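Just the heavy atoms: all of them, side chains too, but no hydrogens, waters or symmetry mates, feed the values below. Not measured: the values here are computed from a predicted model.
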Amino acid sequence: MLGLTTWFTIGTLGMVVGIAMLAYGTLLVPSERRRQLALAALVPGIAAVAYAVMALGVGGLVTADGGTVFVPRYVDWLLTTPIHVALVALIAGASTRAIARLAALQAATIVFGFVGATLAAPLNWALYLVGSACFVGVVYLLFTETAALADEKPDDVAALFRKLRAFVVVLWLVYPVIWLVGPAGFEIMDIETTALVVTYIDVVAKVGFGLIAINDFVKMAAATDETADADAAVGDPQAAD
């Protein structure tokens, strides 16, 4: 269990550092973007609490086959992954109804994954497939109607949508693979190795998402300022001199 405590402690520290980075980055963007980035910063905040709880040895649930599922980890994912999906859809300009549908599908992915991890075969596999189908639904909506909305946005906003969508979809595809090869699935990876890999991906996914958004928002603001300066120079001959 020393290994698990180590990985969970590292996860806590990684998330805390991520919160500080995102909080500072939020100050660099225009005020109208700060609400979105505050949500992005909330994600590692939730994860930090979950990792701290697991580092204290709390939240382990014995499964039907004698394994262990960490409840705080799934609570973290249940709260944070819909936030990321909602932010991606928000950047595309999706309606509240469309965002709620995406978030609900993503939440269902986590719920089915968690319940499946607690049960023995064949129910675990059945729920794993249902959860995977929900995630396919999320990907489908992000690449169809949400993408169509993003295409109507300015080029820099559409580019940020595509970047965050790719980041979320590609990185999150790793999680069902870990479920398969970890203790909940074929048990190719032991519980400590699974904790190590999940901690690493969690920190990259939760902090990286916010940093990408901040970087692009700062570039958008700089481009807007340069355009405004150029327009002012054209309209003011003395400024042009």
Side-chain angles (χ1 to χ4, degrees), residues 15 18-19 21-23 25-26 28-47 50 74-114 130-176 201-221 223-224:
M15 295 300 175
I19 294 168
M21 294 170 67
L22 297 184
T26 300
L28 304 178
V29 303
S31 56
E32 65 268 20
R33 299 291 188 185
R34 288 177 184 169
R35 182 177 298 178
Q36 295 175 3
L37 289 177
L39 280 174
L42 178 63
V43 168
I46 295 171
Y74 280 92
V75 173
D76 163 10
W77 292 344
L78 180 62
L79 297 174
T80 59
T81 58
I83 291 177
H84 271 175
V85 169
L87 281 173
V88 173
L90 198 60
I91 289 169
S95 66
T96 302
R97 182 177 181 180
I99 292 173
R101 182 171 50 179
L102 272 165
L105 269 175
Q106 178 56 37
T109 300
I110 303 303
V111 170
F112 285 115
F114 168 71
V130 174
S132 298
C134 292
F135 183 63
V136 170
V138 172
V139 175
Y140 173 78
L141 291 175
L142 288 177
F143 275 87
T144 54
E145 59 185 64
T146 313
L149 292 170
D151 289 340
E152 298 174 0
K153 294 288 183 181
D155 290 345
D156 50 1
V157 176
L160 175 58
F161 164 79
R162 289 191 293 271
K163 194 181 298 182
L164 291 177
R165 180 186 63 183
F167 185 83
V168 164
V169 171
V170 172
L171 208 55
W172 287 6
L173 281 174
V174 179
Y175 288 96
I201 296 175
D202 260 357
V203 173
V204 172
K206 290 177 168 59
V207 179
F209 182 97
L211 293 178
I212 290 173
I214 289 170
N215 182 62
D216 277 39
F217 284 152
V218 169
K219 286 182 179 177
M220 288 179 201
T224 301

In the structure I gave you, are the side-chain heavy atoms of Trp172 and Val138 within less than 4.5 Å of one another anywhere? no
Roughly how far apart are Phe217 CZ and Glu32 CD, rounded to 0.5 Å? 9.5 Å
Once you round to the nearest 0.5 Å, how far does CD1 of Ile110 lie from CZ of Phe135? 9.0 Å
Evaluate the side chain to side chain contact (heavy atoms under 4.5 Å, CB included) criterion for residues Asp202 and Met15: first the C-alpha distance (whole Å), next the side-chain angles of each, then the deciding distance (0.1 Å), finally the verdict. CA-CA 9 Å; Asp202 260 357; Met15 295 300 175; 3.8 Å; yes
SB check Lys163 Asp216 (cutoff 4.0 Å): yes
Of all the heavy-atom pairs spanning Ile99 and Ala86, show the shortest one and how long it is. CG2-CB, 3.5 Å
Heavy-atom pair of closest approach, residues Val168 and Val88: CG2-CG2, 4.3 Å
Under the criterion side-chain contact (heavy atoms from CB on, under 4.5 Å), which of Leu141, Val139, Thr146 is the partner of Phe143? Val139
What distance separates Ile46 CD1 from Leu78 CG, expressed to the nearest 0.5 Å? 10.0 Å
Sequence neighbours excluded - ring pair (Phe, Tyr, Trp, His ring centres under 6.0 Å) pairs with any residue from residues 90-114: Tyr74-Phe114
Dump the intermediate steps for side chain to side chain contact (heavy atoms under 4.5 Å, CB included) on Asp151 and Arg162, then the final yes or no. CA-CA 10 Å; Asp151 289 340; Arg162 289 191 293 271; 4.0 Å; yes
To the nearest 0.5 Å, atom CG of Asp156 lies from atom CE of Met220 at 4.5 Å
Kindly write out the residues that satisfy salt bridge (charged side-chain N to carboxylate O under 4.0 Å, His left out) with Arg101, not counting sequence neighbours, or none if the list is empty. Glu145
Would you check, one step at a time, whether the test side chain to side chain contact (heavy atoms under 4.5 Å, CB included) holds for Thr80 with Lys206? CA-CA 8 Å; Thr80 59; Lys206 290 177 168 59; 3.5 Å; yes
With rounding to the nearest 0.5 angstrom, report the CG to CG distance, Leu160 to Asn215. 9.5 Å
Correct closest heavy-atom pair for Ala205 and Tyr175 would be CB-OH, 4.2 Å
For Ile83 and Leu79, which heavy atoms make the closest approach, and how far apart are they? CG1-O, 3.2 Å
Where do Leu22 and Leu37 land on the side chain to side chain contact (heavy atoms under 4.5 Å, CB included) test, with the steps shown first? CA-CA 8 Å; Leu22 297 184; Leu37 289 177; over 6 Å; no
For Gly25 and Ile214, the nearest pair of non-hydrogen atoms, with its separation, is CA-CD1, 3.6 Å
Can you give me the closest heavy-atom contact between Ala147 and Phe161, atom names plus distance? CA-CE2, 3.7 Å
For Thr109, which residues count as a side-chain hydrogen bond (donor to acceptor under 3.5 Å, both in side chains) partner, sequence neighbours excluded? none
CG (Leu211) and CE (Met21) are apart, to the nearest 0.5 Å, by 4.5 Å
